[in-house]
Protein chains: 2
Amino acid sequence: MAGTESGRRHTRDDVARAALRILDDDGLPELTMRRLAAALDLQPSALYWHFPNKQSLLADLADRIVAQPAPPRTGRDASHTHGAAAALRDALLAYRDGAEVVSSTLALGLGSTTAHDRLTAAIVADGYDADLAARAATVLLHFVIGHVSHEQQRMQYDSLGVVVPAAGLSPQNGGDTADEFAFGVELFVGGLERLRRAPSNLPGGTASPLAE
Amino acid sequence: MAGTESGRRHTRDDVARAALRILDDDGLPELTMRRLAAALDLQPSALYWHFPNKQSLLADLADRIVAQPAPPRTGRDASHTHGAAAALRDALLAYRDGAEVVSSTLALGLGSTTAHDRLTAAIVADGYDADLAARAATVLLHFVIGHVSHEQQRMQYDSLGVVVPAAGLSPQNGGDTADEFAFGVELFVGGLERLRRAPSNLPGGTASPLAE
DNA sequence: ACCTGAACACCGTTCAAGT
DNA sequence: ACCTGAACACCGTTCAAGT
């Protein structure tokens, strides 16, 4: 009874929170302007007083999902980078289709730079210079979003009892998705560490000195 | 005059090719079933004889984009992995919004496993066992798709003359996108090489033996 | 400042029926 | 085997007008 709708007129924050609720309850495809308006007892056109269009609403949701305070992580993380990557994954997993919302917002060049900034800061805290960290953070961010997006798609297939025949990207060897995530982050951190000893070997020279 | 429409009735291949043409000419948002039908001089409902729904059509397009024969790459690649990653990037770049089509198809668990298979084979060819390679290929695939997707979004912004204020994922330091891509692949390969010497250090032990 | 009412210009998809 | 015609059940967005 004492829900999100109580007084009379709504604020931009109300709209965003109602949208987050629909997202989490029923998923991104169900989050239409018309359904959101109905949840707020509003005409669809009223939403356009609060947000210029649907994409900017989604960008706002993406910011909220990413900005979410990180729950205290169990155990010491192996590095700041590991911790920041895991915290970002947790944030994306906290809302249904969270990764997709953030991904599509990023793909349109919208949304804040919070996620990228935090990963960059963590890499810097692990001892790399700001320039390198910023570029590496972009790489890590692509992996994290891609991974969690795939993870969440799998969750909703599982909840529907769908048997996926031989999907190319599913964990192949009985490892669960958290293990696969840790593996990806470890690969990334390993690559960073290798750069620490041999700072420039991109063009020219043998790129794989350890091979054979 | 002698275009895609000549005889009378169309095949599934005709439909897919007409769709690829709309995609490449006008982008993914313009690729609607109604516009596609019009391009083929068909009623929209006719498309549903060839494809059960729009998503399976998009999955077919994704397969075609990825399966595309790789143009001969200039210069020797530093490794099979570098070559396969670059070839995949080229394939995605060959069609407007190519990365987004593949990404959304993957996100729905549709499409073939060609991209993943090829990356896996390349990693195996570089001397890693099949198990590790398959998991690593997933990581690399996430990066490649995320990177190219962002790259293509940027291309269409540039072509519109849009000035993006301070986007968090744009190349920050004057490096072009191809350099950023090479950097990401190098990071990935570096991480793999580190695993070659220390095959298991994920849980337990110091994860960053080189730090400090 | 915040919302209604009504409309515009679209979508994907189904299905009986035609050839 | 391949397509038409007509409909269903939706979308996001605009805009004048109300309070």
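Below, read A as the first sequence line, B as the second, and so on, with proteins coming before strands; counting in each chain starts at 1. Every value quoted in this text rests on a predicted model; they were computed, and no experiment measured them.
For the P atoms, the distance from dC2(C) to dA17(D) is 22 Å, rounded to whole Å. dA16(D) sits 13 Å from dC3(C) when the C1' atoms are compared, rounded to a whole Å. Only the P atoms considered, dC10(D) is 22 Å distant from dA9(C), to the nearest whole Å.
Here dC2(C) presents its P atom at 14 Å from CG of L47(A), a figure rounded to the nearest Å. Regarding Q55(A), its CD atom lies at a distance of 14 Å from the C1' atom of dT13(D), rounded to whole Å. Atoms CE (M33(A)) and C1' (dC8(C)) sit 17 Å apart, rounded to a whole Å. To the nearest angstrom, P of dG5(D) lies 18 Å from OH of Y48(B). L40(A) places its CG atom 10 Å from the P atom of dT4(C), with the value rounded to the nearest Å. Atom pair R34(A):CZ and dA7(C):P shows a separation of 13 Å (rounding to whole Å applied). Taking atom CG of L28(A) as the reference point, atom C1' of dG12(D) lies 14 Å away to the nearest angstrom. In this structure, N53(B) places its CG atom 17 Å from P of dC11(C), rounding to the nearest Å.
Between H50(B) and dA1(D), a side-chain N or O to OP1/OP2 separation shorter than 4.0 Å is absent. Regarding contacts with the backbone of dC11(D), a side-chain N or O of T32(A) is found under 4.0 angstrom from either OP1 or OP2. Contact annotation: H10(B) side-chain N/O to dC3(D) OP1/OP2 distance is under 4.0 Å. OP1 or OP2 of dC3(D) has not a single side-chain nitrogen or oxygen of Q43(B) nearer than 4.0 Å.
We find that D60(A) and R12(A) are joined by a salt bridge, their nearest charged nitrogen and carboxylate oxygen being less than 4.0 Å apart. Ion pairing of D131(A) with R135(A) is absent here, as no side-chain N (NZ or NE/NH1/NH2) approaches a carboxylate O to less than 4.0 Å. Note on D13(B) versus R64(B): salt bridge recorded, some NZ/NE/NH1/NH2 to OD/OE distance being below 4.0 Å.
Looking at D97(B), its side chain never comes within 3.5 Å of a backbone N or O of E100(B) through a donor-acceptor pair.
Aromatic rings from F181(B) and F143(B) are positioned such that their centres are separated by under 6.0 Å.
Base pairing annotation: dA6(D) forms a Watson-Crick or G-U wobble pair with dT14(C), both donor-acceptor distances under 3.5 Å. Using the Watson-Crick or G-U wobble rule with both distances under 3.5 Å, dA1(D) pairs with dT19(C).
Where S45(A) and E30(A) meet DNA chain D, the nucleotide closest to each residue was compared, and E30(A) sits on the side nearer the 5' end.
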